[in-house]
Amino acid sequence: MKQKLIVGNWKMNGSLAANAALLQALKQGLPAGGKAGVAVAAPAVYLAQLQVELSGSSIGIGAQDVSQHEQGAFTGEVSAAMLKEFGVRYALVGHSERRQYHGETDAVVAAKAQAALAKGVTPIVCVGETLQEREAGQTEAVVKRQLAAVIHQVGPCVSELVVAYEPVWAIGTGKTATPEQAQAVHAVLRAQLAAATEHAGRVPLLYGGSMNAANAAQLLAQNDIDGGLVGGASLKAADFLTIVAAAQ
Ligand code: PGA
C-alpha cells in the first residue's frame with residue numbers, strides 16, 4: 001500500500017505551553033517504525049518552537065500559508081525562504097478559510113504554490129466546493145478549476161504537489177463527506193493530475209473536513225484517498241494518533 005500522509009492543521013490555536021504538551025504526546029504516541037507520514041501545520045510564530053521540539057522526530061513541520069512574493073514590502077507576510085529556515089517541509093496554500101476571509105483567488109493560490117516549490121517547500125494545495133456549489137451540481141467544475149490554476153502555473157513540478165480535497169461544508173461542521181463522496185472527487189482530481197503528469201500516482205491526495213478518530217479508517221480505505229488534512233481532531237493528541245494509526 002502507498003504510504004499515507006496525515007497532516008494536522010492547527011489553524012489559529014495553541015500556545016507555547018499547549019503546543020509543547022501536544023507535541024510531547026504525539027512524539028511519545030507515534031508508533032516506532034510507523035509507515036504513515038505525519039506533519040503538523042502551526043501558526044507561523046510557533047514554527048521556531050516546532051523546529052526545536054521536533055528535531056530528530058519524524059513529524060514534519062507545516063506552515064498554514066506562504067507569501068507569493070520572494071521578499072520586500074509585504075507587511076505581515078512570510079516568505080517561503082523564511083519558512084525553509086525553520087525546517088518547514090509543507091505549506092498549506094488556498095485553504096478555504098484563506099480563500100473566504102482573505103480573498104485569495106485561484107491565481108494567488110497558484111502563485112503561492114509556485115513560490116513554495118521554488119524554495120523546496122511542498123505546497124499542500126487545498127480545493128473544495130461550498131454547499132451551494134455542491135447543491136448546484138458544480139463540485140467537479142469548482143475543484144477542477146481550482147486545481148487547474150495551480151497545474152498551469154507549476155508546469156513540470158506538478159508531481160511535487162500535495163493536494164487536499166476539503167469540501168467547505170464539511171470543514172469544522174462535523175459533517176464529513178461520505179467515503180464514496182470523497183472518493184468520487186478524488187478520482188476526478190487524480191484524472192486531472194494524470195492528464196498533466198505521468199507521475200500522478202505519487203501525488204498524495206488528502207481528504208479534509210471533519211476527519212476524526214471514528215471516520216478516518218473508512219475514508220483512508222478509499223482508493224484515491226492517500227491521507228488526511230485534519231483540523232479540530234489534530235488538537236487532541238489521542239484523536240490525532242488514532243487517525244495516524246488508521247493510516248498505517
Ligand atoms: P476540520 O478542518 O477537520 O476541523 O473540519 C479541516 C481543515 O480545515 O483543514
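One-based numbering, in listed order, for ligands and for the atoms of each. Computed from heavy atoms alone, side chains included, the values below leave out hydrogens, waters and symmetry copies.
For atom 4 (O) of ligand 1, the nearest non-hydrogen atom of the protein is G232 N, 2.8 Å.
Exactly one of L193, V162, V125, D226 qualifies for a side-chain contact (heavy atoms from CB on, under 4.5 Å) with V203. That residue is L193. When each of H186, Q181, E129, Q183 is checked for a side-chain hydrogen bond (donor to acceptor under 3.5 Å, both in side chains) with Y165, only E129 meets the rule.
For ligand 1, the polar-atom distance check against T173 finds no nitrogen or oxygen pair separated by under 3.5 Å. At least one N or O atom of E166, backbone or side chain, sits closer than 3.5 Å to an N or O atom of ligand 1.
Contact atoms of ligand 1 toward H95: 7 (C), 8 (O), 9 (O) (distance under 4.0 Å to a heavy atom of the residue). Each of the atoms 1 (P), 3 (O), 5 (O) of ligand 1 lies under 4.0 Å from some heavy atom of S210. Per-residue contacts place G209 under 4.0 angstrom from the following atoms of ligand 1 (heavy atoms of the residue considered): 5 (O).
Atoms OG and CD1, on S210 and I171 in that order, are 8.5 Å from each other to the nearest 0.5 Å.
Counting only N and O atoms by type, the side chains of Q49 and N19 include a donor and acceptor under 3.5 Å apart.
At least one heavy atom of A170 lies less than 4.0 angstrom from ligand 1.
Counting heavy atoms under 4.0 Å from ligand 1, residue S96 does not touch it at all. Residue contacts with ligand 1 for I171 involve both N, CA, C or O and side-chain atoms from C-beta outward (heavy atoms, distance under 4.0 Å).
Checking side-chain atoms of E104 against main-chain N and O of V109 turns up no donor-acceptor pair under 3.5 Å.
Using a 4.5 Å heavy-atom threshold, the side chains of V185 and T139 count as touching. Between R99 and H95, the closest side-chain pair of non-hydrogen atoms is not below 4.5 Å.
With atom 5 (O) of ligand 1 as the reference point, the heavy atom nearest to it among G231, G172, S234 is part of G172.
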